[in-house]
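Just so it is clear: chains get the letters A, B, ... in the order the sequence lines come, proteins before strands, and each one is counted from 1.
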Number of protein chains: 4
Amino acid sequence: MPDVARRSERSRVAILTAARDLLGETGYAQLTVEAIAARAGVGKQTIYRWWPGKGAVILEALVETAGEAALPDTGDLRADLTVVLRAIVAELADPALSATTRALTIETLGSDELAAQVRDRLLRPQMDAVKERLRAGQAAGQLRADVDLDLAVEALIGPPYHRWMLRTGPLTDTYADGVVEQALTGLAP
Amino acid sequence: MPDVARRSERSRVAILTAARDLLGETGYAQLTVEAIAARAGVGKQTIYRWWPGKGAVILEALVETAGEAALPDTGDLRADLTVVLRAIVAELADPALSATTRALTIETLGSDELAAQVRDRLLRPQMDAVKERLRAGQAAGQLRADVDLDLAVEALIGPPYHRWMLRTGPLTDTYADGVVEQALTGLAP
Amino acid sequence: MPDVARRSERSRVAILTAARDLLGETGYAQLTVEAIAARAGVGKQTIYRWWPGKGAVILEALVETAGEAALPDTGDLRADLTVVLRAIVAELADPALSATTRALTIETLGSDELAAQVRDRLLRPQMDAVKERLRAGQAAGQLRADVDLDLAVEALIGPPYHRWMLRTGPLTDTYADGVVEQALTGLAP
Amino acid sequence: MPDVARRSERSRVAILTAARDLLGETGYAQLTVEAIAARAGVGKQTIYRWWPGKGAVILEALVETAGEAALPDTGDLRADLTVVLRAIVAELADPALSATTRALTIETLGSDELAAQVRDRLLRPQMDAVKERLRAGQAAGQLRADVDLDLAVEALIGPPYHRWMLRTGPLTDTYADGVVEQALTGLAP
DNA sequence: ATGTAATCGAGACGGTACGTCACGTCTTGTT
DNA sequence: AACAAGACGTGACGTACCGTCTCGATTACAT
């Protein structure tokens, strides 16, 4: 079993960077473990020693990139959600970040293990943060008391995610605003 | 430049059937072109002659399976949408159909070409059917006149899709009903 | 079974010509049945209807090319053999004819059937002609009475054939003369 | 740019052995790279990493099999050559060894590169050994001083090679003796 | 300071699937 | 019935990566 104390930080960073760069430059199809190792100047075994596979590397790369999902609470629920939705939509519209997310989604589809990891480490925090903000709004009487907060979160995040995955429309601030508008209308008292 | 007139219908059907069966039985990992060819009793070349790759085969298999996206219009918008949403959710919850969709999604992510095909041949019809039903409801005064129908469609389809992709919750009739309820609340006059 | 009466002479000639041309232009590696058919403007089946395979086509091409193996008999054995040997060596040195012969040799190595055909239709006549000339020389007392004529023929043809196959030396008139000289020395009374 | 220092000797031997065995057991038609790899318990890539193709494998197998071409020199030229010619003829008559040689000849005809290799690594040594023995004989006055040694070698090796390639006669000790007899008659003072 | 044990880079290994090529057969009109 | 055209099942080709496995050569810790 690997001795984490002796782990080379240089290699760890090089691998994650190489993975991100390759995704940005050549796309998912060229993102092979061998390519990551070569680009990072690292032996393949060093990757397999510390990660179970390609997907886990991407996940870690994305987790490192992702900032803390701290949501603003200015008291103005609509304004706060607009900020969040715009950020989410912008991230999906950004080619570099989007490539990583897309790659991770592919890996996710093939592995329940990884799917759970992604859900718990990456999504849950984000969704929980939104949920908390909604709960606060609900307590403040800005939402009906009977709304299911999980559904409410999905009403906000589901549409842009669907649009991004299936490329069925543009991902703009205007769109983000529209999603917030529509969702809040359904949730308001 | 294959001569489509001489194409063997027997082979075409055998290939699509084999692809569907393999997905149902052994999952995506075992869905290789060689396995499809072997199972269908067909040469690999016959697959490559008519489809650009594995993804296109899956797409065609799914398109053939998918019935016509004719939506009911009983006049009761809520009832009609509930029927549709329950069907969509059931499909996503069904392991067999879901496997095909999942496989197709993976292939999609690796090819813009295929992504466009999927969007136009598989998704657009479904989404358009929902949109038309909503438009009829809008004309009948059951929806506000100012709702953006594209957003409305996404409000219905986005949440279950998000939940399915990221496995963040159960996909049940109750859930479907909740999604319809919430969406209609936001769209009602 | 094919009805030889209806056979298309046009196709027959086109096929043999295409085979010869392809050998001359692109070499043996490109000499596929499909290439012959395409170049000849002929269906593949027309080839397989009349020949058992590629080798038989080449054989027929070569048989048609090869003139009658009539040997001169001027009474001067050395002069006659020199003429023949120079002709043989020249043929082996000629890239076009040599390509066909080489191709046929390859096919021969893989099929006893074809090897027998080549031996009987192509080689035997040539070797027999040489043998007859030697027999006449023997009768005229220009050869020892006890020489084995089959061996004598091989003493003339074997060396240049070996040299050609294995590319171990130049194939010139001088060389041909040397072979005749050496062989006759061994056969003379 | 494979790293020859890390090459697996076990694999190298297994591949060459498998190639020889397959030739002996099933013949050239079944001698595919895939069959060699399977029989040797080796990945195909391991073959392609170290040899350019099937032909080179056969060549190496034959080179390893072939003993050193050390010719006896008892002082009795006729006896020494008889030993050699009988060995050559026996080798050509032996189905197993002959299969390898035949296979190599086929491969040779398709590649100038390989042909040169075969000539230089396999044939040249053998022919040179014979040539040296003849040179010694010439020095000892057993051959005329003016004989061309290259021609003399071909007079010995050419006939049996021709007979073997074209299957025009039996390959026996008696035949070998006849060839030596005839050649020496032509070369004697 | 030195031994020792794990990590490191490199890359060969046994595999699996890829997408292509040509084989020889079969099928479909045309002549 | 032979023909041109070309789709078909078959099977080998040579390539790309997979994940595992040796190799010395660092490198960091415990003597």
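Listed nucleotides: E:dC8, F:dA2, F:dG9. Nearest to the side chain of C:Asp3: F:dA2.
The nearest whole Å value for the distance from the CZ atom in D:Arg49 to the P atom in F:dC21 is 17 Å. The separation between B:Trp51 atom CH2 and E:dT20 atom C1' is 18 Å, rounded to whole Å. Atoms CD1 (D:Ile47) and P (E:dA12) sit 16 Å apart, rounded to a whole Å. The distance from atom CD1 of A:Ile15 to atom P of E:dA10 is 12 Å, rounded to the nearest whole Å. Rounded to an integer number of Å, the gap from CZ of A:Arg12 to P of E:dC8 is 12 Å. If you measure from atom CZ of A:Arg10 to atom P of F:dT26, you get 14 Å, rounded to the nearest angstrom. For the pair D:Glu9 CD and E:dC13 C1', the computed distance is 15 Å after rounding to whole Å.
Not one side-chain nitrogen or oxygen of C:Thr46 sits closer than 4.0 Å to the OP1 or OP2 atom of F:dA2. Residue A:Ser11 has a polar side-chain atom (N or O) positioned under 4.0 Å from OP1 or OP2 of E:dG9. Side-chain N/O atoms of B:Ser8 include none lying less than 4.0 angstrom from OP1 or OP2 on F:dA7.
Comparing C:Val4 and B:Gly41 by the nucleotide of DNA chain F whose heavy atom lies nearest to each, the residue mapping closer to the 5' end is C:Val4.
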Per-nucleotide protein contact along nucleotides 22-31 of chain E, 5' to 3', at a 4.0 Å heavy-atom cut-off (B base, S sugar-phosphate only, - neither), is SBBBB-B---

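Counting only distance, with no hydrogens or angles, the side chain of D:Thr100 and the backbone of D:Ala96 share a donor-acceptor pair below 3.5 Å. Using modelled atom types, one side-chain atom of A:Thr101 and one backbone atom of A:Leu97 make a donor-acceptor pair closer than 3.5 Å. Between the side chain of B:Thr17 and the backbone N or O of B:Val13, at least one donor-acceptor pair lies under 3.5 Å. Remark: side-chain polar atoms of D:Arg119 are paired, donor with acceptor, to backbone N or O of C:Arg167 under 3.5 angstrom.
Annotation: salt bridge (Lys or Arg N to Asp or Glu O under 4.0 Å) contacts involving residues 11-20 of chain B, sequence neighbours excluded, comprise B:Glu9-B:Arg12, B:Arg12-B:Glu60, B:Arg12-B:Glu64.
Within 6.0 Å of the CZ atom in A:Arg10, the count of heavy atoms belonging to other residues, nucleotides or ligands does not exceed 12.
Taking 4.0 Å as the cut-off between side-chain N and carboxylate O, B:Arg39 and B:Glu25 count as a salt-bridged pair.
Using a 4.0 Å heavy-atom criterion, one finds that B:Trp50 contacts the sugar-phosphate atoms exclusively. Heavy atoms of C:Arg7 sit under 4.0 angstrom from primed sugar atoms or phosphate atoms, though from no base atom.
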